[in-house]
Every structure is written in structure tokens, then in C-alpha cells.
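Structure, as C-alpha cells:
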Amino acid sequence: MEGLDEVIREHPFFRDLDPRFVSLVVGCARNVRFDAGQYLFREGGPADQFYLLRHGHVALEMVSPTGGALTFQTLGEGDIVGLSWFVSPYRWAYDARAIELTRAVSLDAVCLRSKLDEDHDLGYEVMQRFVPVLIERLQGTRLQMLDVYGHSRAGAPGS
Amino acid sequence: MNIGHFMTPDVSRVAGTRRETRDTWTLRLEPPRNAAAWSYRPGQFNMLYAFGIGEVPISISGQVAGDGTLLHTVRAVGRVSAALTRLRKGESVGVRGPFGTPWPMDLAVGRDVIVAAGGLGLAPVRPVVRTLLEQRGKFGRVVLLFGARSPAEIVFRREVERWGRRRDAEVLVTVDHASPDWAGHVGVVTTLVKKAAFDPGNTVAMLCGPEVMMRFMVAALRSSAVPDDAMFLSMERNMKCAIGQCGHCQFGADFVCRDGPVLRYDRVRDRLSVREL
Ligand SMILES: Cc1cc2nc3c(=O)[nH]c(=O)nc-3n(C[C@H](O)[C@H](O)[C@H](O)COP(=O)(O)OP(=O)(O)OC[C@H]3O[C@@H](n4cnc5c(N)ncnc54)[C@H](O)[C@@H]3O)c2cc1C
Ligand code: FES
């Protein structure tokens with residue numbers, strides 16, 4: 001069985017992280033598992049964890065205007081789940097549900113935030129890894145909004 | 001080139017039709033008497049003429065091995081394409097072609113191949129996927145990344161599912177908007193790049209779909225270190241003559257009908273982000 005520090009070092013989010021920082025992060029980490037259908041967190045709840053996915057898949061869902069749950073993204077091995085732990089008021093903005101048996105490393109957000117506050121080098125390092133994920137998700141949302149498959153360049157006005 | 005021949009459509013009979021999605025149909029066309037025009041290379045297109053209405057470029061989406069009938073998958077978006085989707089077995093359609101540059105199948109030999117398609121963009125690359133799987137031993141890893149708006153708009157769904165069951169290919173499908181019965185990936189097609197296994201330095205990528213989707217896909221592949229000269233895009237522009245004479249399909253220095261539709265990314269890089277070119 002791999003140790004937590006090894007798991008964290010090998011996860012794409014923390015890959016090549018300075019060993020000094022790894023031991024700080026490990027202090028806030030524990031292994032968790034979710035059965036299919038189990039929620040990692042629910043909208044509105046306190047964002048006091050975030051997750052490094054190791055196996056399985058997680059659906060991010062929001063309540064649709066008609067009342068049902070609408071999946072807007074699925075995440076899998078190598079992804080992180082949860083962004084709101086980083087930004088005040090630390091409340092989840094959507095539900096995260098395991099689609100199948102899912103294993104992850106859970107990072108205690110209160111613990112991690114205090115370490116980032118204490119050690120700004122670690123804070124900057126985490127920021128550098130976190131912002132690209134944010135940007136990627138933002139770009140993805142923009143693309144979804146463009147509804148690209150409904151249109152094509154051919155025949156567009158002016159072409 | 002005998003322009004006269006390429007300007008006059010042959011008449012082909014519709015051997016069968018099949019509904020792919022709400023607005024998209026595949027036409028199976030019998031070879032016209034001029035059967036020479038019936039051999040094609042993956043990536044090429046024909047000009048299909050709905051008699052009395054008009055003519056539009058439509059990619060060849062496959063060929064039936066037994067009888068040589070040729071497949072074209074058409075989405076009804078306007079007058080001509082809608083008329084084509086209304087054709088039924090036994091009716092006739094005009095055909096000119098095949099035209100255009102093919103996908104770089106020779107270059108792909110011995111390398112990993114990523115086929116990245118969005119929406120109806122799967123139609124022009126379906127012959128590529130079929131070739132890759134039929135001649136599997138010639139290529140490195142085979143990866144299909146496919147994005148659709150919703151599960152109901154996945155074209156060739158059964159075939160895609162069959163591909164997905166193969167162990168010698170990685171087939172990743174995602175939808176932008178999931179329905180409750182969808183158990184697969186949700187999110188934009190670019191998110192699939194990181195999930196796929198390939199050697200970026202020894203990869204050929206073939207991209208087909210709406211231009212904006214291809215731009216984002218290029219960015220994702222670039223950030224995975226796929227070089228610009230290893231990416232190929234299928235471009236779309238309105239067409240009239242399809243033989244490089246009228247200039248209707250001009251895209252900067254290229255005519256898409258003659259120099260494309262398949263173009264290497266480094267050749268179009270500077271033009272791709274320019275609006276209305
Ligand atoms: C090389 C090449 C290969 C192509 N392959 C295929 C193919 O395999 N299958 C296929 O269905 N189409 C394909 N197309 C696109 C097809 O040629 C156009 O959809 C067609 O020309 C539209 O003509 P129309 O008279 O039906 O619509 P128009 O009257 O010209 O347009 C009607 C409306 O539809 C919009 N529109 C036009 N084209 C598209 C489009 N492609 N998608 C969404 N909206 C559009 C226009 O902006 C307009 O609002 C290809 C185009 C090229 C250049
Ligand atoms: S369609 Fe006439 S030059 Fe391309």
C-alpha cells in the first residue's frame with residue numbers, strides 16, 4: 001500500500017512538489033472512499049475539504065430549473081474536486097456525487113489554509129497549481145455556453 | 001484536370017437512408033455509371049446536388065464494403081441540406097467529386113493517432129477510425145476523443161459504442177449537456193485530452209468539428225506537447241465550384257476545396273483566430 005506522501009507526490013495536482021511542501025500537505029491529508037451514489041459534498045455546505053481523485057468518477061451537479069439534478073461535469077482519476085475551499089465564504093456551490101466506487105485523498109481545508117497562511121511559499125505553489133484548474137474549468141464553461149455543436153462556420157453571415 | 005467532368009454531376013440513386021439524430025440522416029448512394037469517381041480517400045467530400053434546389057459539399061462518411069455504396073451524413077441546417085435529408089430510397093441525387101485533400105493516413109503509420117471530433121465532425125473522420133481499426137497493427141496507440149452536445153446528438157452511436165468496447169483503442173466520449181440516463185463523461189471535449197494515453201512526440205492528431213472547438217482542442221493538445229506540424233484540421237467554407245476556380249471557399253491564401261479541407265495546423269495557425277476570414 002502506498003503511503004499518503006507517495007500518493008500526493010504522484011497525483012497530477014501535486015506532481016513534482018518540493019518534498020518539504022509534501023510533508024506539510026500530508027499533515028492535512030487522509031484517504032477516503034465513496035460508494036456509488038454517495039455525496040462528497042452538497043451545495044451550500046461548508047467547503048472544509050477538497051479531494052484529489054485516485055480512482056472512480058464523480059459527477060458535479062446542480063439543481064436544474066425543472067427541479068432535477070443536472071450534471072454539468074464529470075471528473076475522474078487525476079482530477080481535483082472542490083474549488084470553493086480556497087475562497088471565502090468557503091461554501092460549496094454545487095453537489096459532488098460519486099458515480100461509482102471512488103477513492104480519493106481528502107485534504108482538510110482549514111488545516112491546509114492555515115499552512116498556506118503560515119508559509120507563503122507553499123501558498124504560492126498551491127496557487128500556481130490551482131489557478132490553471134480554475135482557468136481550465138472557466139474555459140470549459142465558456143465553450144459549453146457557446147453551444148458550439150449547434151453552429152458551424154460554413155454559411156455563417158459574411159462567409 | 002478535365003474540368004467539364006468535375007463540373008457536371010453524375011446521377012446517383014439513393015440505396016437507403018438512416019436517421020442518425022433528430023436532424024441528421026445518412027444517405028447510402030449507389031455508384032453512378034462513372035464508377036471511377038467512386039473511389040475516395042478518408043477526408044474527401046462530394047458536392048451533392050438536390051435537384052432543383054442546390055448543391056452543397058458533404059464529406060464522405062464511409063463506404064459499404066459489399067456493394068460499394070457510399071455514405072454521406074447530412075445535417076439539415078438550411079434549404080439544400082434539409083432537402084438532402086428528405087431524400088428517400090429510390091430517389092436520385094447529383095454527385096460531383098470526390099474533392100479535396102485527405103487525412104494524412106500515411107504519416108500516421110507507426111505513430112500514435114488521436115482523432116478528435118465534435119458533433120457532426122465525426123462524419124468526415126469515421127473513415128479514418130474505421131481504417132485505423134481495420135489496419136490496427138500499422139499504428140501505435142489509437143485514441144478517439146469525441147464530444148457531442150447531448151447523448152441524443154451522438155451520431156453513429158452504436159458504432160461508437162462498438163469501438164468503445166475494443167481493447168486496442170481508447171475511445172472517450174463526452175457530452176456538454178447530460179440527460180439523466182447518461183452514465184458517461186460530461187464536460188467539453190478538450191477535457192478528454194488529459195485522460196488519454198499517447199506519446200506527444202510521436203503522435204498525429206486529426207481534428208474535425210466546429211472551428212471554435214478545433215481551436216480549443218489545438219490549445220489542449222499543444223499544452224500536452226503535441227507539435228503544431230503534427231495536427232491536421234478539416235476546414236469548412238461555403239463552396240460553389242469545388243475545383244479551385246470561383247474563389248468562393250477562399251481562406252486566406254488557400255482555397256478550401258482544393259488545398260483543403262484537411263490542412264496542417266501550422267499552415268493555418270495565423271488565420272484561425274481571425275474573425276470572418
Ligand atoms: C468540406 C466540407 C465538408 C462538409 N461536410 C459536411 C457533412 O459531412 N455533413 C453536413 O451536414 N454538412 C457538411 N458540410 C456543411 C454543409 O456543406 C453545409 O451545411 C451546407 O452547405 C449548408 O447549406 P444549406 O443550403 O442547407 O444551408 P444555407 O441556406 O447555406 O444555410 C442555412 C443556415 O444554416 C447555417 N449553416 C450553414 N452551414 C451550416 C453548418 N454546417 N452547420 C450549422 N449551420 C449551418 C447558416 O449560417 C444559415 O443560417 C461540409 C462543408 C464543407 C465545406
Ligand atoms: S469552391 Fe470554387 S474555388 Fe473553392
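Basis for what follows: all heavy atoms, side chains included, without hydrogens, waters or symmetry-related copies. Sequence lines set the chain letters: A, B, ... in the order given, protein chains first and strands last, and positions in each chain run from 1.
- Neither the backbone nor the side chain of A:Glu77 comes within contact range of chain B; no heavy atoms are under 4.5 Å apart.
- Taking the six-membered ring for Trp and the full ring otherwise, the centers of A:Tyr94 and A:Phe72 sit less than 6.0 Å from each other.
- A cation-pi geometry, defined here as NZ or CZ lying under 6.0 Å from the six-membered ring centre and within 45° of its normal, does not hold between A:Arg9 and A:Phe14.
- In summary, the side chains of A:Gln49 and A:Ser106 do present a donor paired with an acceptor at a separation below 3.5 Å, with no hydrogens or angles considered.
- Put simply, of B:Ser223, B:Ser179, B:Gly118, B:Ala178, the one with the most heavy-atom pairs under 4.5 Å next to chain A is B:Gly118.
- The aromatic ring centres of A:Tyr124 and A:Phe130 sit 6.0 Å or more apart.
- Looking at B:Ala219, there are no atoms closer than 4.5 Å to chain A (heavy atoms on both sides), in backbone or side chain.
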